[in-house]
Structures are given as structure tokens and as C-alpha cells.
Number of protein chains: 2
Amino acid sequence: MTMTHPSHPAVLLAADAVGDVIEYWGFRKALGRVWAVLYLWDGPLSAGDIGERLQMSAGAVSMALTELQRWAVVKRVWLPGERREFFEAEVDLWKMIAKVISERERYLARGVRERLEQAKRMVEESGGGVKGQREKLEKLVSVAQLAEHVIEAFIQSRMADFSTFTGALSGAGEGSAKARKVRLETGRKR
Amino acid sequence: MTMTHPSHPAVLLAADAVGDVIEYWGFRKALGRVWAVLYLWDGPLSAGDIGERLQMSAGAVSMALTELQRWAVVKRVWLPGERREFFEAEVDLWKMIAKVISERERYLARGVRERLEQAKRMVEESGGGVKGQREKLEKLVSVAQLAEHVIEAFIQSRMADFSTFTGALSGAGEGSAKARKVRLETGRKR
DNA sequence: TTGAACTTTCAAAAGTTTCTGAAGATTCAA
DNA sequence: TTGAATCTTCAGAAACTTTTGAAAGTTCAA
């Protein structure tokens, strides 16, 4: 076994914190950690570098990078004279969260409302159901409808807040000389 | 094995939908299902009743009821002449979600900010760290601080929205004659 | 007291998610 | 082409979560 060397403890600590944020929003913790290591490193890193720093297997790194690229929060970078692919963090991690959350919430709200409506219909068809049950189902349905509207409103305001975050992560300090020399390329296939 | 009889399919469907909502917010699905069965049944139910309707083991029902009472969304009800304890749903399920979510978000945001701050300090102490790293950590910290404020603001507006939900679930149709006769009692010990 | 009816607790089973590691695919220099 | 370096995929391992079921605990009527 070759000796691997993990990252500076401070980077690991920060990466883990970002991992927790990401996990809270329903992604795998590993995605947040990988993003954080890329963000904190001043320049592109290869998959191997990331695996070493975070002590993750090649497979896990590959899967994390694929998913992060799918969300467009990590970009592929080609360095002349390098066989390996390199990766860099996009600063708009928050965009990813906002995008997915809104989709997920919409999907959940819709599915819940539909099932409640179906349940209501079933009770009605089977002769009104037990006393009070129909009224209760009607209430649940109306709450679900209400929730759908509230979610739409939330999503709007959330979007605004997330864009604030995005601004805060970019700006001064961006791009080292080394990084600037690089020819950029965004993921294509898939 | 005694033959058990699950609830009307419509109730199971609705219960499952509520379970998904609850699960989305980080509780066990079973909690939502138990709450929904209690809410949809016009009157108190015993733990055994619930287990039968949802085809859950006695242990799972007991654990779910304990947790739901801890969140004060299910109340214990004593029926004269009954040995068993009975349970009823409180209509403010949303209060539970709001309460917990705000606590969880606050806790997460605080923990993340603190860890990022510590990481920043560590990098500073170890001589500035790699180029650009310190600045990036400063940015992450400021995003975390910003997030803490945004969360506080969210929580306020969310609370307002949740109270709307609560209103929609209560009101007309509440309390059967049977339920009214009952002497109420809220959980004590623990 | 005793025992029947019911509830709670908790170790182990079952279920779910995530990660590892190795085989196969890909890329590129020679 | 060939082979060395690197990446991807995926079956199984590991880690984590939830449920079961049986034993211990409670309560109450007799």
C-alpha cells in the first residue's frame, strides 16, 4: 500500500462542515466535502488528489465528481501536457441547492396532494366513509393545496437569498496565475 | 396468529402521504402515519387499534406514540372504564414541524459557522496556509454568518405560514359526541 | 397478592444508503 | 498497436436506520 497524505486538518474540518450543509439538503455528504476541497485549493485538482486529501476511494471520488458536474457546481478543466482530468469548484454551490430543493418540494407537495385527493374520492365512493372522515380528508387536501402555494412563494424568496450567498463566495481572490493559464472546458456527454 | 384488519385503503393512502411529508422534514415515516390515522379517525384509538390499522408491531406503535407525544401532536386520553390508554391527534402537526425545523436549522447553521471559523483560525496559526486558502475560508465564514441571519428571517415568515396550516386543520367537524364525553389528560412524566 | 391485559424496552433482524475495490474501459505516448 | 496511467462502473461490504418480537414492567380487578 502506498502511503497517502490527507489534507491539512483545517481543510478537512471545513470540508466536513460543508458536507453537513449539503447533507441537510438531501445530497450525499461526500459531495459537499469534494466541493469544499476543490473550492479551498487554489487551482485545479485531479481525482487522485481529491481521493488522497479526503481519504476516499477512487470510485467514490469518481461518483461524487460526476454528480457535482451534473449539478454544474464543479467543472472539468484540461491542463496542457497532463493526461489526467482536473476539476475546479464553481462558486455557485447555492444554485444547486436552490434548484433541487425547489424541484423536490414541488414534487413532494404535488404527490401528497394527489394522494390525499384520491383518498378523499375513495371515501366518497364507498358511501361517505366513517363519520367525520370525509371532512377531515377535505381539510388535509386543502392544507396540501395551501402548502403548494406557500412553497411556490417560498421558492421565490429563497432564490433571492441564495443569490446573495453566491455573490459572497465569488469575487476577490479568484483564480491563481496557474489557474488562469488553463483552458477551460465544461462537461459534455451524459 | 390472530387475524388483524388493516384500515380502509383510503386511510392508508392518506396516512402514507402524510408519512412522506413528515419524512421529508426528517422524522420517521411511521410518525406521520400514526398521526394521520388518529387524525382521520373520529375519536380516540388505543395503541392496539393503531397497530392493527397500520399493520405495525406493538413496539413500533409504542415508540411512535411516545415520540409524537413528546412533540405534543398526539395526546393521551383516558376513557372511563377502559384499562387501555387512548390517543387523539392534535391538529397542530405543523407546529411540530416548524418547531423542530427552526431548531435544527439554527443548530446546523451555528455548528457549520463555528467549524469554519475554527478552520480559519487553524490556517492562520499555521502561518497563513496555502495561497488563497485563507481568503476562501473567510468567504465561507461570511456566507455561514449570512446564512444564520437569513435562517432567522425565514423562521419568522415560516412560522406565519405554518399557523395558516394549523388553522385549516381544525374547526368544523371536530370532536364527536363520543370524544366529547372523554376526560382529557396530557402526558406527564418523561 | 395474583394474574390478565396491556405497554415499554431493547437486542437482534431487516431494510436502506453509501462506499470500496477490482475489473473493464478509455486515453495517449511511443 | 501496445502498455502505462487514469477513470468509470458495479457487485458486494460496511455503515447506518428502522422495525420486530419477546421479555420485563405496569396497572388494575378480584
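Excluded from the calculations below are hydrogen atoms, water molecules and symmetry mates; all remaining heavy atoms, backbone and side chain alike, are included. Residue numbering restarts at 1 for every chain, and letters A, B, ... go by the order of the sequence lines.
Taking atom CH2 on B:Trp78 and atom C1' on D:dC28, their separation rounds to 12 Å, with Å as the unit. One interatomic measurement links the two molecules: CD of B:Glu85 to P of D:dC28, which rounds to 9 Å at whole-angstrom precision. Atom CD in A:Glu82 sits about 17 Å away from atom P in C:dT27, given to the nearest Å. Rounded to a whole Å, the CD atom of A:Glu52 is 15 Å from the P atom of C:dT20. Protein atom CD of B:Glu67 is 15 Å distant from nucleotide atom C1' of C:dT8, rounded to whole Å. Atom CG of A:Leu54 and atom P of C:dT20 are 11 Å apart (whole Å). If you take CZ of B:Phe87 and P of C:dT7, they are 7 Å apart, rounded to a whole angstrom. Rounding to whole angstrom units, NZ of residue A:Lys29 and P of D:dT17 are separated by 11 Å.
For B:Arg33, taking side-chain heavy atoms from C-beta onward, the closest of the listed nucleotides C:dC19, C:dC6, D:dT19 is D:dT19. Considering only side-chain atoms of A:Arg83, the nucleotide from C:dA5, D:dT6, D:dT19 that sits closest is D:dT6.
Note on B:Arg106 versus B:Glu152: salt bridge recorded, some NZ/NE/NH1/NH2 to OD/OE distance being below 4.0 Å. Salt-bridge check for B:Glu124 with B:Arg134: passed, with a basic side-chain N closer than 4.0 Å to an acidic carboxylate O. Salt-bridge check for A:Arg110 with A:Glu114: passed, with a basic side-chain N closer than 4.0 Å to an acidic carboxylate O.
When atom types are taken as modelled, the side chain of A:Ser62 and the backbone of A:Ala58 share no donor-acceptor pair closer than 3.5 angstrom.
Taking NZ of B:Lys75 as the reference point, atom CG of B:Leu65 lies at 14.5 Å (rounded to 0.5 Å). Residue A:Arg53 holds its CZ atom at 16.0 Å from CZ of A:Arg33, rounded to the nearest 0.5 Å.
For the segment residues 56-64 of chain B, the set of residues with a heavy atom within less than 4.0 Å of an atom of DNA chain C comprises B:Ala58, B:Gly59, B:Ser62, B:Met63, in numerical order.
Tracing side-chain contacts under 4.5 Å through hydrophobic residues (I, L, V, M, F, W, Y), one reaches A:Val141 starting from B:Val21; they form part of the same cluster.
Between the side chains of A:Tyr24 and B:Glu105, at least one donor N or O sits under 3.5 Å from an acceptor N or O.
For the pair A:Arg113 and A:Tyr107, the cation-pi test (distance below 6.0 Å, angle within 45°) is failed.
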### Message
Can you give me the dot-bracket string for DNA chain C, 5' to 3', counting Watson-Crick and G-U wobble pairs with both distances under 3.5 Å, using [ ] for crossing pairs and | for partners on another strand?
### Response
||||||||||||||||||||||||||||||

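Checking the phosphate oxygens (OP1, OP2) of D:dT19, a side-chain nitrogen or oxygen of B:Arg28 falls inside 4.0 Å.
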